Amino acid sequence: MTYLHDIGKYFLMIKETFVKPTKGKVLRVLIFKEIDDLIIGSLGIVAFISFFVGGVVAIQTALNLTNPIIPKQLIGFASRQSVILEFAPTFLSIIMAGKVGSFITSSIGTMRVTEQIDALEVMGINSLNYLVFPKIVAMCFYPFVIAIAMFLGILGAYIAAVYGGFTTADQFLTGLKDDFIPFHIVYAFLKTFIFSFLLATIPSFHGFYMRGGALEVGKASTTSFVWTSVAIIVTNYFITQMLLS
Amino acid sequence: MIEVRDLKKGFGDVEVLKGLTTSFDKGKTNLIIGQSGSGKTVFIKSMLGLFRPDSGKILYDGICYSDLDFEDQRAIREKIGMVFQGSALFDSMTVEENIMFPLQMFTKMKKGEMRERANIVIDRVNLENANHKLPSEISGGMQKRVAIARAIVNNPKYLFCDEPNSGLDPHTATVIDNLIQEITEEFNITTIINTHDMNSVMEIGEKIVFLKEGHLAWEGDKTQIFKTDNEEVTNFVYSSNLFKMVRKAQNSQ
């Protein structure tokens with residue numbers, strides 16, 4: 001019953017986020033700040049992880065190609081499919097649930113504990129619109145992060161495969177272009193867009209409605225990471241089932 | 001003036017406010033006192049609209065706050081200044097930005113005008129050389145002054161203070177108390193202070209409301225509180241060793 005109650009509360013929070021808007025001028029500043037914190041601030045870690053995981057995918061594929069009749073261009077093909085379909089949109093979103101999600105939960109949770117949210121409400125400000133709406137807007141830029149991750153993932157795979165001596169550049173690029181289905185890009189960005197909404201709202205929910213002190217802020221961050229990851233994985237399953245099967 | 005009529009508020013099975021009726025006068029420092037757990041914070045948060053009362057009415061200058069829709073409530077809230085117990089300053093903003101915040105939200109002032117107004121209240125609360133510091137870089141007493149400056153910057157009609165001198169040394173606490181009283185008189189606002197500090201009661205208690213387990217147990221002013229024979233009040237007042245000694249000295253004279 002508690003879960004059902006919380007799910008209902010989550011949807012009511014989303015509804016409340018879009019009503020009684022904050023002054024446009026103030027909101028614009030907040031949105032730019034959130035883009036800086038949530039998007040620009042994540043580029044470094046995303047680039048680093050994408051590049052190296054792309055490389056590992058290529059090496060793993062190459063090492064498992066023991067049968068001589070399987071062509072070497074499969075390395076490029078497998079790297080592209082893994083990075084575009086799952087690694088960049090889903091795996092990175094789970095990492096972002098840890099990075100961006102805990103940041104959102106702990107910052108809103110600390111505002112709750114230190115009565116800063118009460119201060120906003122006393123002033124007659126819709127605190128959900130003030131705090132959560134700019135995060136949702138900022139996270140609309142998240143697909144750009146994933147596009148960078150896709151590019152760097154494949155670049156990492158190329159460098160690892162070619163300079164590691166597992167395949168030639170020609171073979172890799174041929175595999176990369178083999179059986180390319182443009183809809184896979186649409187599918188990847190569509191789910192990334194949905195994940196970005198989950199990444200902004202679920203951690204906000206856990207931060208906004210938390211009660212207690214510093215210890216509870218820590219617990220709320222952990223809970224928010226777990227539930228955001230669960231939501232991403234379940235949503236990923238249903239989107240994949242609907243769009244690809 | 002703020003009037004409260006038969007205000008009740010509970011959480012689950014626990015009834016915290018059990019039908020409070022009182023009023024708080026304009027231009028006076030009104031104190032709500034009582035032991036921890038007596039319902040002071042719930043009372044003040046109910047008046048502010050942070051808690052929805054179960055029953056009863058709260059009237060701001062004759063207008064029933066709980067009957068209003070969000071927009072009309074917002075119009076009243078714009079006239080409320082609040083000093084929270086922990087100051088509740090926005091961590092990511094400098095002192096000046098914190099003070100300018102209500103102006104940014106509710107006025108059409110240009111940045112220069114806002115800065116000018118902020119500097120007037122900064123001078124009023126005697127904050128020097130702190131405009132560009134973050135709340136974490138200033139002392140607790142200074143944070144309280146910033147919170148007061150933020151509360152009064154938009155010329156409020158009502159000022160609420162939740163334990164404004166908790167965690168401060170006696171000297172700074174007295175300075176903050178006096179500042180609140182001066183501002184109340186200067187701007188002719190209705191000030192309500194939630195406290196259990198007897199020094200504040202002695203300094204600025206123009207009207208005192210004593211709460212006991214969610215009931216209004218006594219009302220009066222700072223001279224009456226030391227003369228009352230209400231046992232609950234005397235037990236509270238003389239629970240401090242200092243006041244016990246004062247009474248002992250008075251009795252022996």
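Order of the sequence lines sets the chain letters (A, B, ...), proteins ahead of strands, with each chain counted from 1. The figures here come from the full heavy-atom set of this structure, side chains too, leaving out hydrogens, waters and symmetry mates. Every value quoted in this text rests on a predicted model; they were computed, and no experiment measured them.
- Looking at A/Ser102 and A/Ser221, their side chains never bring a donor and an acceptor atom within 3.5 Å of each other.
- Proximity to chain A (any heavy atom under 4.5 Å) is shown, for B/Phe160, by neither the backbone nor the side chain.
- Of the atoms belonging to B/Asp91, heavy atoms from both backbone and side chain fall under 4.5 Å from chain A.
- Side-chain N/O atoms of B/Ser23 and B/Glu3 include no donor and acceptor closer than 3.5 Å.
- Ranked by heavy-atom pairs under 4.5 Å with chain A, the first of B/Gln104, B/Met105, B/Met82, B/Lys79 is B/Met105.
- At a threshold of 4.0 Å, the pair B/Glu96-B/Lys133 does not count as salt-bridged, since none of the basic side-chain nitrogens sits closer than that to a carboxylate oxygen.
- For B/Ile76, no part lies near chain A; criterion is any non-hydrogen pair under 4.5 Å.
- Counting heavy-atom pairs under 4.5 Å between each of A/Lys33, A/Lys25, A/Glu121 and chain B puts A/Glu121 at the top.
- Proximity of a side-chain donor or acceptor of A/Ser107 to a complementary backbone N or O of A/Ile104 within less than 3.5 Å is detected.
- Heavy atoms closer than 4.5 Å to chain B are found in the side chain of A/Val26, but not in its backbone.
- Salt-bridge formation is detected for the pair A/Asp118/B/Lys45: a Lys NZ or Arg NE/NH1/NH2 atom is positioned less than 4.0 Å from an Asp or Glu carboxylate oxygen.
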